[in-house]
2 protein chains.
Amino acid sequence: MGSLQVLLWQRAREPHAGRWALPGGRLRPTEDVETSIRRQLAEKVDVQQLAHVEQLAVFSAPDRVPRPPRVVATAFLGLVPCDVDPAVPADTAWHQVAELPPTAFDHGAIVLRARNRLRAKLSYTNLGFALAPRKFTVSALRALYSAALGYRVSATNLQRVLSRRGLLEPTGHTAPSGPSGGRPAALFRFTGKGLEVTDPFAVLRPPRAAKDDAGE
Amino acid sequence: MGSLQVLLWQRAREPHAGRWALPGGRLRPTEDVETSIRRQLAEKVDVQQLAHVEQLAVFSAPDRVPRPPRVVATAFLGLVPCDVDPAVPADTAWHQVAELPPTAFDHGAIVLRARNRLRAKLSYTNLGFALAPRKFTVSALRALYSAALGYRVSATNLQRVLSRRGLLEPTGHTAPSGPSGGRPAALFRFTGKGLEVTDPFAVLRPPRAAKDDAGE
DNA sequence: CCAAAAGTGTTCTGTTTACACCCATGT
DNA sequence: ACATGGGTGTAAACAGAACACTTTTGG
């Protein structure tokens with residue numbers, strides 16, 4: 001079913017005319033980089049409800065853009081719940097991350113990095129909240145995680161793990177069952193809306209826990 | 001004993017004259033940001049053997065530097081083995097991360113971020129190799145990890161965890177015992193010299209492992 | 001009453017911590 | 001001998017994966 005997608009914009013002008021590029025633009029004198037990317041997404045592609053934004057890395061190879069002026073880019077990972085569908089312009093479209101069209105500059109590598117970051121954080125943080133709708137069934141959530149991670153995730157254990165960590169909460173409501181019958185699924189929601197690290201240290205934990213501010 | 005330290009340089013000129021700042025400088029047209037920071041460290045403070053370098057984040061608040069021109073900085077975490085002692089200039093010195101002097105700009109926040117990143121990566125990667133000398137005893141390694149993490153680490157379990165993961169290797173030699181006796185300690189070394197993620201996913205692993213390139 | 005989808009109980013396994021105990025050396 | 005640090009053995013706690021089983025719906 002679902003697959004991991006990325007919003008790309010088709011370049012009209014050289015260099016790399018016709019290729020697909022990540023949305024973005026110039027940093028203004030009065031804004032920081034995060035404010036800037038949020039502005040560009042809102043203005044240019046109508047993406048207003050970003051559920052999560054984080055810096056990925058700086059891409060700065062001198063020849064990453066084929067001709068002067070030299071451009072240094074700060075790449076971001078931005079996530080939008082799977083049920084929002086912004087009114088994107090004609091030259092902008094969602095693409096499967098697994099089958100990218102020819103990309104401009106180093107944007108293919110950036111998308112790869114973003115995918116890897118997303119995959120890693122899904123497993124040790126509550127980042128799922130940024131991909132899921134407000135209310136969802138466990139099997140819908142399983143589909144999301146499977147698409148993002150690239151392999152089948154067990155609904156049983158997904159629910160168990162997220163519940164134990166206190167990330168998932170039943171709403172009390174249920175979704176109607178499908179045309180072929182089946183038990184109606186309970187609707188859940190994420191308890192938090194901000195990024196939290198839920199599995200901070202795999203090993204070498206402090207002797208008798210005392211949750212330091214292991215931030216980020 | 002040991003403590004986590006950071007190399008700072010005392011500013012001579014305004015703005016923020018007298019305060020301590022992270023080493024760094026302008027990006028040149030023909031270099032990328034990592035090349036640039038390596039050059040600056042080698043040229044300005046004689047740090048030539050960086051065991052590990054990685055991007056931290058971009059700091060870009062418009063007013064982070066009090067007067068024009070506006071400066072956007074890419075911050076790095078750079079690690080040096082604890083036994084190297086570069087010939088730093090007179091206005092440059094190591095400072096305890098736990099007791100920073102007044103810092104210039106947002107450099108205090110940057111150091112904090114760096115410390116948190118280091119702490120996290122010590123636990124799920126082999127990053128210890130960047131802090132340790134070529135050969136070391138387990139108790140020396142324990143001291144390093146304790147200093148970096150900020151809490152006592154058990155030598156017993158440290159050795160066990162790192163060994164099981166195949167990161168630690170006995171050299172066959174031993175260190176002489178101290179003045180008050182005690183069994184001589186075996187000398188170990190790290191098997192790898194590049195960053196490896198050793199505990200990639202705490203949960204939601206692929207059904208029957210097949211180590212994807214979960215890079216970074 | 002059967003199929004389909006959801007949800008729960010239970011077992012198994014691996015990893016990490018905690019802690020007791022044994023080893024080698026100097027005085 | 002004994003104190004001092006180094007190293008190993010072992011048990012207990014915990015978390016996650018796997019899978020069988022029960023529950024609730026539609027035809």
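Letters go in sequence order (proteins before strands), and every chain restarts at 1.
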Colleague: Do B:Glu31 and B:Ser36 have side-chain N/O donor and acceptor atoms under 3.5 Å apart?
Modeller: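 B:Glu31 vs B:Ser36: donor-acceptor pair found between side chains.
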Colleague: Of B:Pro184 and B:Val203, whose closest DNA chain D nucleotide lies nearer the 5' terminus?
Modeller: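 The residue whose closest nucleotide sits nearer the 5' end is B:Pro184.
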Colleague: Name the nucleic acid region contacted by A:Arg165, choosing base, sugar-phosphate or nothing; use a 4.0 angstrom heavy-atom cut-off, strictly under.
Modeller: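 Sugar-phosphate: the residue A:Arg165, judged by heavy atoms under 4.0 Å, touches backbone atoms but no base.
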Colleague: Whole Å only: how far is the CG atom of B:Leu158 from the P atom of D:dG7?
Modeller: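 Rounded to whole Å, this separation is 12 Å.
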Colleague: Over all strands shown, is B:Thr156 touching base, sugar-phosphate only, or nothing at heavy-atom distances under 4.0 angstrom?
Modeller: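 Since a base atom lies under 4.0 Å of B:Thr156, the category is base.
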Colleague: Below 4.0 angstrom from OP1 or OP2 of D:dA17, is there any side-chain N or O of A:Ser154?
Modeller: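 The answer is no; no side-chain N or O of A:Ser154 sits under 4.0 Å from OP1 or OP2.
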Colleague: The side chain of A:Val161 lies closest to which of these nucleotides: D:dA17, C:dA5, C:dG26?
Modeller: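 Of all the options, the side chain of A:Val161 is nearest to D:dA17.
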Colleague: Salt bridge between B:Arg134 and B:Asp83, side-chain N to carboxylate O under 4.0 Å?
Modeller: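 Between B:Asp83 and B:Arg134 there is no salt bridge, as every charged N stays at least 4.0 Å from the carboxylate O atoms.
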Colleague: For B:Pro179, report the nucleic acid contact type (base, sugar-phosphate, nothing); a contact means any heavy atom under 4.0 Å.
Modeller: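 Sugar-phosphate, backbone atoms only, no base.
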Colleague: How is A:Thr137 classified with respect to the nucleic acid when contacts are heavy atoms under 4.0 Å: base, sugar-phosphate, or nothing?
Modeller: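 Since no nucleic acid heavy atom lies under 4.0 Å of A:Thr137, the category is nothing.
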Colleague: Round to a whole Å and report the spacing from CG of A:Leu204 to C1' of C:dA18.
Modeller: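 Whole-Å distance recorded here is 15 Å.
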Colleague: Can you measure B:Arg152 atom CZ to C:dT17 atom C1' for me and round it to whole angstrom units?
Modeller: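 The distance from CZ of B:Arg152 to C1' of C:dT17 comes to 17 Å, rounded to the nearest Å.
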Colleague: On DNA chain C, check which nucleotide each of A:Arg160 and A:Ser180 is closest to and give me the residue with the more 5' one.
Modeller: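 Nearer the 5' end of the strand: A:Ser180.
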Colleague: Heavy atoms under 4.0 Å, any strand shown: does B:Ala155 hit a base, just sugar-phosphate, or nothing?
Modeller: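 Nothing, no nucleic acid heavy atom in range.
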Colleague: Do the ring planes of B:Phe129 and B:Phe190 sit parallel (below 30°), tilted (30 to 60°) or perpendicular (above 60°)?
Modeller: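 Aromatic pair B:Phe129/B:Phe190 classed perpendicular.
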